[in-house]
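Below is one structure, written out as structure tokens; the observations come after it.
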Amino acid sequence: MKEQREHKRGRRITWLARAATHGLARAATHRLARAAACGLILAASLGWLRAAGTAELLPENILRLHVVANSDSQEDQSLKLLVRDAVLEEASRWCAGAESLEAANREICTHLEGITRAAEKTLREQGRGEEVRAWVTEEFFPTREYEGFVLPAGRYRALRVSIGKGEGHNWWCVVFPGLCLPAAGEGGEPLAELPEGQRELIENGGRYKVELKVTELYQKLREWMRG
């Protein structure tokens, strides 16, 4: 009996030792992955990637738009586009004279109720009664290519508009400057106030596809590091 107890104790000690070794190995691997991520972030922050450096500054000058449909049904997706146009038209009334992101943000925050009413009015005109919620937040956007311009990945301030249950596919663009106003029937020179390097990146993003892809990976690593 004593020998059996000693044998069991020995097996338990061996199992605990293996578990501890496995746990230490996993922890070490995790630390190495974080160290590698930190190394890439440091490289970008030192200016090794020109596009990454320019993209890093873009969120300081841009207010994004994020419209989320009630569902993925064809009708709800069509309604999402009508709400998009109504929101862009209403937002442009208040951002027209803004010369900076902070000025545009103040106007949007002040008139969120009017923006919500404009979206809900559009739904009522289509015989729908869903609730619309609008608020300003900060969120991560992947690289997006639109007709005539590209926006690199990053964490942007955004006007988020959710229709009904908010369970459908979304639509991303820009409130300020008015890059997306052609979708609502407007025009103009929305990039005039941006620094030259940022204008170049947005207008000629097709020339920087590799750099933008690396920038997106870098930004995703930053998001991972955040939490």
Side-chain angles (χ1 to χ4, degrees), residues 55 58-98 100-186 190 202 216 219-220 222-227:
L58 266 176
E60 298 178 3
N61 295 303
I62 289 180
L63 178 64
R64 301 291 294 266
L65 175 63
H66 187 179
V67 182
V68 186
N70 177 60
S71 75
D72 282 334
S73 72
Q74 184 175 350
E75 183 180 7
D76 282 347
Q77 287 296 308
S78 296
L79 283 171
K80 175 190 70 177
L81 299 181
L82 294 177
V83 168
R84 168 203 69 184
D85 290 350
V87 167
L88 283 171
E89 183 176 354
E90 183 69 16
S92 69
R93 292 177 55 198
W94 310 114
C95 293
S100 69
L101 170 61
E102 293 307 320
N105 184 73
R106 284 195 301 271
E107 292 296 331
I108 293 298
C109 287
T110 300
H111 297 95
L112 281 174
E113 186 175 341
I115 291 170
T116 302
R117 283 200 303 267
E120 289 181 337
K121 180 175 181 290
T122 299
L123 293 178
R124 303 298 177 267
E125 290 172 350
Q126 301 300 315
R128 300 289 291 268
E130 285 88 351
E131 177 189 9
V132 175
R133 291 174 294 126
W135 67 100
V136 175
T137 184
E138 185 179 285
E139 55 185 281
F140 177 80
F141 289 79
T143 300
R144 298 292 294 182
E145 185 171 351
Y146 301 92
E147 185 177 350
F149 67 98
V150 176
L151 288 175
R155 179 166 285 272
Y156 292 81
R157 201 173 305 180
L159 169 61
R160 185 179 175 98
V161 179
S162 180
I163 305 169
K165 296 178 180 179
E167 296 177 351
H169 276 81
N170 49 47
W171 189 88
W172 291 325
C173 205
V174 180
V175 174
F176 175 83
L179 293 167
C180 295
L181 287 178
E186 301 291 338
I202 291 174
E216 181 168 4
Q219 293 290 352
K220 286 181 177 179
R222 290 192 64 182
E223 287 298 300
W224 178 66
M225 294 290 291
R226 285 170 64 97

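Basis for what follows: all heavy atoms, side chains included, without hydrogens, waters or symmetry-related copies. Computed from a predicted structure; not experimentally measured.
Contact of the E75 side chain with the R128 side chain is registered, since non-hydrogen atoms from C-beta on lie closer than 4.5 Å. Considering only heavy atoms from C-beta on, I163 stays 4.5 Å or farther from L79 through its side chain. For the pair L65 and V87, the minimum side-chain heavy-atom distance is below 4.5 Å.
The distance from the CZ atom of R124 to the CD atom of E130 is 8.0 Å, given to the nearest 0.5 Å. With rounding to the nearest 0.5 angstrom, the CG atom of D76 is 13.0 Å from the NE2 atom of H169. The line from CG of L112 to CH2 of W135 is 10.5 Å long, rounded to the nearest 0.5 Å. Annotation: the span from I62 atom CD1 to Y156 atom OH amounts to 5.5 Å, rounded to 0.5 Å. To the nearest 0.5 Å, atom OG of residue S100 and atom CZ of residue R106 are 6.0 Å apart. Put simply, CZ on R133 and CZ on R160 are 8.5 Å apart, with the number rounded to the nearest 0.5 Å.
Ring pair H66/W172 is perpendicular by interplanar angle, where above 60° counts as perpendicular and below 30° as parallel.
T143 places a side-chain N or O within 3.5 Å of a backbone atom of A153 that can act as its donor or acceptor partner. Side-chain atoms of R64 never come within 3.5 Å of backbone atoms of R157 as a donor-acceptor pair (strictly under, hydrogens ignored). Put simply, the side chain of Q77 gets close to the backbone of S71: a donor and an acceptor are under 3.5 Å apart.
Under the 4.0 Å criterion applied to side-chain N and carboxylate O atoms, E113 and R117 are assigned as salt-bridge partners. Between K121 and E125, at least one side-chain nitrogen of the basic residue sits less than 4.0 Å from a carboxylate oxygen of the acidic one, meeting the salt-bridge criterion.
Between W94 and E107, the shortest heavy-atom contact is O-CG, 3.3 Å. Closest heavy-atom contact between A98 and A104: CB-N, 3.7 Å. Taking each heavy atom of L82 and T122 in turn, the nearest pair found is CB-CG2, 3.7 Å. When all heavy atoms are compared, the tightest approach of V136 to C109 is CG2-SG, 3.7 Å. Heavy-atom minimum distance, A91 versus V175: CB-CG1, 3.8 Å.
For the side-chain contact (heavy atoms from CB on, under 4.5 Å) with L159, the lone residue among I108, L88, N105 that qualifies is I108.
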